[in-house]
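The structure appears right after this line, and notes come after that.
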Protein chains: 2
Amino acid sequence: MTTNTARERLINAAVEAFAEKGFAATTTRDIASRAGMSPAAVYVHHDSKESLLFTVSLDGHRSALAVINRAAASSSDPVDRLRTMVYDFSLWHADNSRVGRIVQYEYHALTPEHRAEVATLRRSIERTMQDALADGVDQGVLDVTDIPGTAFSLLSLGVDLVRWFEPGGSRSGHDLATLHADLAIRMTAARAAPAQPSA
Amino acid sequence: MTTNTARERLINAAVEAFAEKGFAATTTRDIASRAGMSPAAVYVHHDSKESLLFTVSLDGHRSALAVINRAAASSSDPVDRLRTMVYDFSLWHADNSRVGRIVQYEYHALTPEHRAEVATLRRSIERTMQDALADGVDQGVLDVTDIPGTAFSLLSLGVDLVRWFEPGGSRSGHDLATLHADLAIRMTAARAAPAQPSA
DNA sequence: GTCTATAAATTGATAGAC
DNA sequence: GTCTATCAATTTATAGAC
């Protein structure tokens with residue numbers, strides 16, 4: 001049984017509303033109504049509309065970071081590792097498209113302090129992807145000239161899913177994540193023989 | 001000399017404000033103030049805040065569609081053509097990142113009628129990219145299994161630029177567009193010899 | 001912890017003078 | 001075509017009863 005406290009019901013309602021209409025267009029009345037409560041009840045459990053956004057955004061960032069960190073540790077082979085990282089990151093955005101939309105599109109609606117806090121998590125995600133590419137280049141199995149740019153591009157595939165992905169649509173998250181992982185390998189794999197004993 | 005009518009000044013002010021704060025968080029007072037006019041002056045030149053958004057969004061969609069259509073007609077070689085399409089589409093998003101942000105992120109803020117009107121332009125962009133991939137596959141120089149998914153992924157590279165790109169930043173639009181075009185070729189090019197006389 | 005009621009500020013849009 | 005002034009509705013958030 002999920003406990004489902006009033007606080008959690010409000011967070012779930014906020015996720016729905018923010019993802020559907022955006023933070024600025026969402027009213028606290030709307031959130032309260034979706035949670036089956038009066039407008040005043042929101043403020044018993046949360047300080048403000050923005051603090052509700054911060055709760056959702058911070059948790060979402062942590063979740064995405066955990067997924068990509070776990071994938072980065074899943075294999076010692078750089079190609080397998082990269083495939084898993086891109087697959088898992090894209091799948092996370094498909095499986096969590098509403099939270100993902102809030103994470104990616106409502107970043108600017110956070111207070112400067114809260115924005116700075118999630119910014120460190122964002123940089124950590126980017127660094128994890130860059131490190132994975134750099135390691136593959138060092139081992140001679142990946143061919144990537146522009147590591148920061150390519151890392152960003154690989155992440156973009158997953159991030160951009162939240163702009164249009166709807167659960168129950170014509171394409172599954174698994175299909176899209178598999179496609180992205182395949183494209184990622186084609187984008188980065190070394191062409192020639194990966195392990196040649198001598199020059 | 002740019003004519004710069006009051007109507008145009010208001011549109012430029014709206015582009016700045018919508019891109020910076022989002023449509024819902026932008027007030028008509030903010031737009032008027034950026035254009036150096038009183039709040040009431042907005043309604044002499046535009047029907048509503050939403051009609052201002054529609055003007056910006058429709059023009060932006062038309063511009064992006066024109067760019068990719070022109071690129072699609074630039075060469076008869078599928079590889080050159082694809083390179084140009086991805087380069088131009090990404091460069092457009094870098095060079096027009098504020099309008100691009102409004103095009104991509106404020107779609108849901110349009111009225112249903114206005115949304116339907118720009119939706120046809122969006123579909124046209126996607127179809128142009130899909131057709132280019134299909135033609136390359138037919139000619140045996142591109143190897144693409146999932147044409148709709150790959151087309152979307154190629155467009156995502158450009159679209160996702162508007163989420164973070166700032167003019168004057170550390171990377172130029174040309175650099176990013178070149179990177180995206182290179183990645184696009186690696187994602188789609190046939191591996192083996194493209195023109196073999198016999199099996 | 002929930003509610004009703006409401007404060008205090010801000011919003012999109014309009015009226016009417018010049 | 002621009003302004004000042006303002007309307008009417010809506011907003012976030014709070015007060016106080018239960």
Side-chain angles (χ1 to χ4, degrees), chain A residues 1-58 102 105-115, chain B residues 1-58 102 105-115:
Chain A
M1 289 300 158
T2 40
T3 348
N4 229 358
T5 65
R7 182 184 156 84
E8 287 166 343
R9 290 211 323 278
L10 284 164
I11 290 174
N12 291 336
V15 168
E16 279 182 35
F18 292 160
E20 188 178 311
K21 315 164 73 169
F23 174 76
T26 296
T27 66
T28 54
R29 282 167 174 77
D30 185 10
I31 295 169
S33 159
R34 287 177 197 249
M37 303 166 74
S38 75
V42 173
Y43 295 91
V44 174
H45 303 281
H46 299 277
D47 288 343
S48 66
K49 192 174 96 159
E50 193 275 341
S51 87
L52 211 31
L53 172 65
F54 178 56
T55 299
V56 173
S57 183
L58 181 61
I102 296 164
Y105 295 164
E106 303 301 341
Y107 177 66
H108 72 284
L110 294 166
T111 64
E113 292 76 16
H114 289 164
R115 208 181 307 135
Chain B
M1 289 301 160
T2 39
T3 348
N4 229 357
T5 64
R7 182 183 156 83
E8 286 165 344
R9 291 212 320 279
L10 284 164
I11 290 174
N12 290 336
V15 168
E16 279 183 35
F18 292 160
E20 188 178 312
K21 315 164 73 169
F23 175 76
T26 297
T27 66
T28 53
R29 282 165 175 77
D30 184 11
I31 295 169
S33 159
R34 287 178 198 249
M37 302 166 75
S38 75
V42 173
Y43 296 91
V44 175
H45 303 283
H46 298 278
D47 287 343
S48 66
K49 191 174 96 158
E50 193 275 340
S51 86
L52 212 30
L53 172 65
F54 178 57
T55 299
V56 173
S57 182
L58 181 62
I102 296 164
Y105 296 163
E106 303 301 341
Y107 177 67
H108 71 284
L110 295 166
T111 64
E113 293 76 16
H114 289 165
R115 208 181 307 135

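Throughout, protein chains are lettered first and strands after them, A, B, ... in sequence-line order, and every chain is numbered starting at 1.
Using a 4.0 Å heavy-atom cutoff across all strands shown, A:T27 reaches sugar-phosphate atoms only and no base atom. Among the heavy atoms of the strands, none lies under 4.0 Å from B:T5. B:A40 comes within contact range of at least one nucleobase, with a heavy-atom separation under 4.0 Å.
You'll find that the side chain of B:R29 is closest to C:dT11, out of D:dT2, C:dT2, C:dT11.
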- Given pairs defined as Watson-Crick or G-U wobble with both distances under 3.5 Å, what dot-bracket annotation applies to DNA chain D, with ( ) intrastrand, [ ] crossing, | other strand and . unpaired? ||||||||||||||||||
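One can place CD of A:E50 at 15 Å from C1' of D:dA13, the figure rounded to the nearest angstrom. Taking atom CD on B:E8 and atom C1' on D:dG1, their separation rounds to 16 Å, with Å as the unit. Atom pair B:D30:CG and C:dA13:C1' shows a separation of 16 Å (rounding to whole Å applied). Rounded to whole Å, atom P of C:dT11 lies 16 Å from atom CG of B:L52. If you take CG of B:N4 and P of D:dG1, they are 15 Å apart, rounded to a whole angstrom. Between the CD1 atom of B:I31 and the C1' atom of C:dT11 there is a distance of 12 Å, given to the nearest Å. Summarising the geometry, the separation between NZ on B:K49 and P on D:dT10 is reported as 15 Å, rounded to the nearest angstrom. Atom C1' of nucleotide C:dG1 and atom NE2 of A:H46 are separated by 13 Å, given to the nearest angstrom.
The nearest pair of heavy atoms linking B:R34 to B:A17 is NE-CB, 3.6 Å.
In terms of phosphate contacts, A:Y43 brings a side-chain nitrogen or oxygen within less than 4.0 Å of OP1 or OP2 of D:dA13. At C:dG12, one or more side-chain N or O atoms of B:T28 fall inside 4.0 Å of OP1 or OP2 (strictly under the cut-off). At least one side-chain nitrogen or oxygen of A:H45 sits closer than 4.0 Å to the OP1 or OP2 atom of C:dT2.
Between A:A24 and B:M37, the one whose closest nucleotide on DNA chain D sits nearer the 5' end is B:M37.
To the nearest 0.5 Å, the span separating CD on A:E106 from OG1 on A:T26 amounts to 7.5 Å. Going from atom CG of A:L52 over to atom CG of A:L10 covers 6.5 Å, rounded to the nearest 0.5 Å.
In this pair, A:F54 and A:H114 present their aromatic rings parallel. The plane angle is below 30°, not in the 30 to 60° band.
No donor-acceptor pair under 3.5 Å is formed between the side chain of B:R29 and the backbone N or O of B:P39. Side chain of A:E8 to backbone of A:N4: a donor-acceptor contact under 3.5 angstrom is found.
A salt bridge is absent between B:K21 and B:E16: the closest approach of a Lys/Arg side-chain nitrogen to an acidic carboxylate oxygen does not fall below 4.0 angstrom.
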